[in-house]
Amino acid sequence: MSQTLAYKILENHLISGTLAPGEEITIKIDQTLTQDSTGTMVYLQLEAMNVDRIQTELSVAYIDHNTLQTGFQNADDHEFIKSVAKRHGVLFSKPGNGICHQLHLENFGIPGKTLLGSDSHTPTGGGLGMIAIGAGGLDVAMAMARGTYSLTVPRVIGVRLTGKLKPWVSAKDVILYVLQQLSVKGGVGKIVEYCGEGVKSLSVTDRATITNMGAELGATTSVFPSDEETRAYLASQGREESFVPLAADADAVYDEILDVDLSSLVPFAAKPHSPDNVDSVENIGEIAVSQVAIGSCTNASYTDLMKAAAILKGRKVADNVSLVIAPGSSKILSKMAENGALSDLIDAGARVIECACGPCIGMGQSPRSAGVSLRTFNRNFKGRSGTKDADVYLVSPETAAISAITGVLTDGRKSDITIPEIPAETFKPNDNFIVYPTGCNKSNTPVEMGPNIKPFPLNEALPETLDAVTVLVAGDNITTDDIMPSDSRLLPFRSNVPHLSNYCFETIDTEFPARCHEVDRGVIIGGSNYGQGSSREHAALAPLYLGIRFVIAKSFARIHRSNLINSGILPLTFENQNDYDNLTLGRTLVIENAREQIKNDVIIVKCQDCGKEIRTVGNFSELEIKMLLAGGKINMIKGE
Ligand code: MIC
Ligand code: SF4
């Protein structure tokens with residue numbers, strides 16, 4: 001039977017289950033990656049699993065998020081991660097080497113392999129033809145321990161590309177257009193597979209920009225074929241031997257098709273405060289800009305930065321603009337130092353900062369009050385930049401660079417600048433930032449545990465009767481940045497859930513933690529796509545710490561739903577969405593006979609105050625039921 005590329009790779013890795021949409025399967029995981037802001041939890045969990053060596057072909061621990069070492073906490077976390085990585089056979093990438101997804105593409109990604117990462121933008125690897133999936137930290141720890149991952153088989157959308165991009169239009173505009181068409185919920189339960197003759201006009205890093213931001217569609221992952229462009233990219237990184245040609249069968253049938261004519265696209269921007277709030281730069285108009293930031297795992301490749309350098313060369317950053325540039329990797333920065341492009345950026349007035357996530361996660365470089373910041377990043381959620389009232393627009397590197405010069409949002413097609421073709425480069429292998437675990441094991445390498453690292457909270461087995469008080473009624477598209485905000489102030493506490501919990505839902509309702517402390521158990525009511533965005537399991541662990549035992553929402557984002565289940569918190573959806581409107585704060589909701597009910601199609605939740613019954617749906621797989629009964633994944637493993 002003819003197959004999509006996604007299903008071919010999944011089939012090659014199938015351990016159990018039926019490869020059909022909606023079925024639960026277990027697949028072999030070849031590679032994992034972690035980063036530091038989710039990594040401390042991952043390695044605490046790996047230690048708790050009491051395994052000796054990892055079961056994957058390759059696992060890498062990157063340090064890229066918490067690199068502003070304003071106190072001992074981040075540096076302690078880095079040492080902790082390094083020590084556990086060495087004990088179990090995981091490679092460790094030091095801070096300064098670059099952003100995990102860019103580094104993985106350059107150094108380790110292999111077409112046709114599976115990659116599980118404790119970061120929602122792990123699908124960047126789909127640019128190389130991998131099935132690369134973002135997951136909660138516990139799932140990644142399990143994948144290291146057992147070499148497997150279980151998931152519900154997604155459907156596959158084909159995005160059929162034709163034509164070729166015009167000057168000043170680039171990969172970012174492709175994915176912004178797809179986001180405009182499909183929305184931040186459009187990819188939930190789906191893999192986005194790119195096909196069509198337009199694919200070959202996109203380089204691997206262009207493709208990686210597109211698969212990276214597939215996370216913003218809510219998709220399980222996105223994937224491109226592996227072709228001559230893939231070979232060229234791997235060769236440029238000195239890894240041509242890793243090349244494997246891969247494509248869907250010619251007559252593969254997709255569950256849906258979206259046709260995109262690349263030649264019809266224009267420069268786009270995602271307006272505040274959602275990546276799918278997309279319009280053309282021309283329509284938005286020449287708004288004044290106070291900051292421009294080029295970088296992140298979406299758009300900090302060599303070509304992206306070289307294009308920005310070519311636009312800025314010999315010109316001056318506008319007086320009203322602070323231009324900040326964070327290169328994706330040390331190899332890129334080094335190459336640009338070598339070929340002079342770095343001087344072009346600095347001479348134009350750019351602030352070149354460390355190769356790390358930096359401003360993308362609010363680690364410094366917050367914009368001015370009520371400022372307008374143009375960013376080549378992937379998320380513009382309110383407050384994520386560290387400035388609550390800033391307006392963040394997501395744009396391509398070309399649009400960012402030209403706007404930095406003019407000081408207003410600018411459609412480059414109107415300028416007289418011609419962006420030169422960026423010649424392909426070869427990069428010197430450099431693993432001086434990598435710590436190899438050679439010769440290390442559990443008996444000769446101690447765990448380095450700093451004083452800020454606290455144990456993670458554990459739930460208890462599901463009781464027969466679960467009663468909880470409504471402590472929050474939230475709207476649609478609540479992000480995990482809303483649930484557990486992260487910025488330079490809070491990121492140092494990613495290994496300290498008790499401290500973090502004081503800031504849970506800070507951007508939405510500052511009274512939330514106090515309200516939770518007043519009741520024994522709490523329940524959160526959410527709208528649709530609850531928990532979109534980051535993979536941080538802290539968005540489940542902090543509520544768990546505060547006594548949240550179930551969440552009823554109109555729908556859930558994939559990774560957050562799994563994180564809730566891993567923590568033993570029930571994610572339930574309303575069968576009748578009108579029930580959402582009747583719920584207010586302070587209601588006691590009861591699930592009687594909960595241990596049996598979670599196995600049913602419909603789970604009845606009774607409102608003790610009004611006597612009304614709310615019909616909810618769990619749709620839990622067998623494995624999920626086991627986890628929920630045990631009070632979470634760790635408890636389940638301990639009981640096995
Ligand atoms: C993000 O871009 O939101 C992050 C920070 O990389 C997160 C991970 C985290 O919250 O630590 C993600 O995308 O998963
Ligand atoms: Fe880092 Fe931003 Fe990418 Fe998240 S989205 S991994 S914070 S660069």
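In this text, all values refer to a predicted model and were calculated from it rather than measured experimentally. Residues take their numbers from the sequence shown, with the count starting at 1. First listed ligand is number 1; within each ligand, the first listed atom is number 1.
- Among all non-hydrogen protein atoms, the one lying nearest atom 5 (S) of ligand 2 is Asn378 ND2, 3.2 Å.
- The closest side-chain heavy-atom distance from Ile332 to Ser329 is below 4.5 Å.
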**Item:** Stepwise salt bridge (charged side-chain N to carboxylate O under 4.0 Å, His left out) test for Lys633 and Glu624
**Value:** CA-CA 9 Å; Lys633 198 170 211 159; Glu624 289 171 344; over 6 Å; no
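- For atom 1 (Fe) of ligand 2, the tally of protein N/O/S atoms lying closer than 2.8 Å stands at 1.
- Counted by atom type alone, His560 and Glu537 present zero donor-acceptor pairs between their side chains at under 3.5 Å.
- Between Phe381 and His273, the distance separating the two ring centers is not shorter than 6.0 angstrom.
- Atom NZ of Lys454 is surrounded by more than 12 heavy atoms from other residues, nucleotides or ligands within 6.0 Å.
- Contacts of ligand 1 (protein heavy-atom distance under 4.0 Å) are Gln35, Ser37, Thr38, His65, Asp119, Ser120, His121, Ile361, Arg379, Arg384, Arg494, Ser534, Ser535, Arg536.
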**Prompt:** Please walk me through it: do Arg379 and Asp481 pass salt bridge (charged side-chain N to carboxylate O under 4.0 Å, His left out)?
**Reply:** CA-CA 10 Å; Arg379 291 187 172 139; Asp481 281 67; 5.1 Å; no
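- Atoms OH and CG, on Tyr62 and Asp119 in that order, are 11.5 Å from each other to the nearest 0.5 Å.
- Looking only at atom types and distance, the side chain of His78 has no donor-acceptor partner in the side chain of Glu448 under 3.5 Å away.
- With a 6.0 Å radius and a threshold of 12 heavy atoms from other residues, nucleotides or ligands, Arg489 has its CZ atom above the threshold.
- In this structure, Lys172 forms no cation-pi arrangement with Phe268, as its terminal cationic atom is not both closer than 6.0 Å to the ring centre and no more than 45° off the ring axis.
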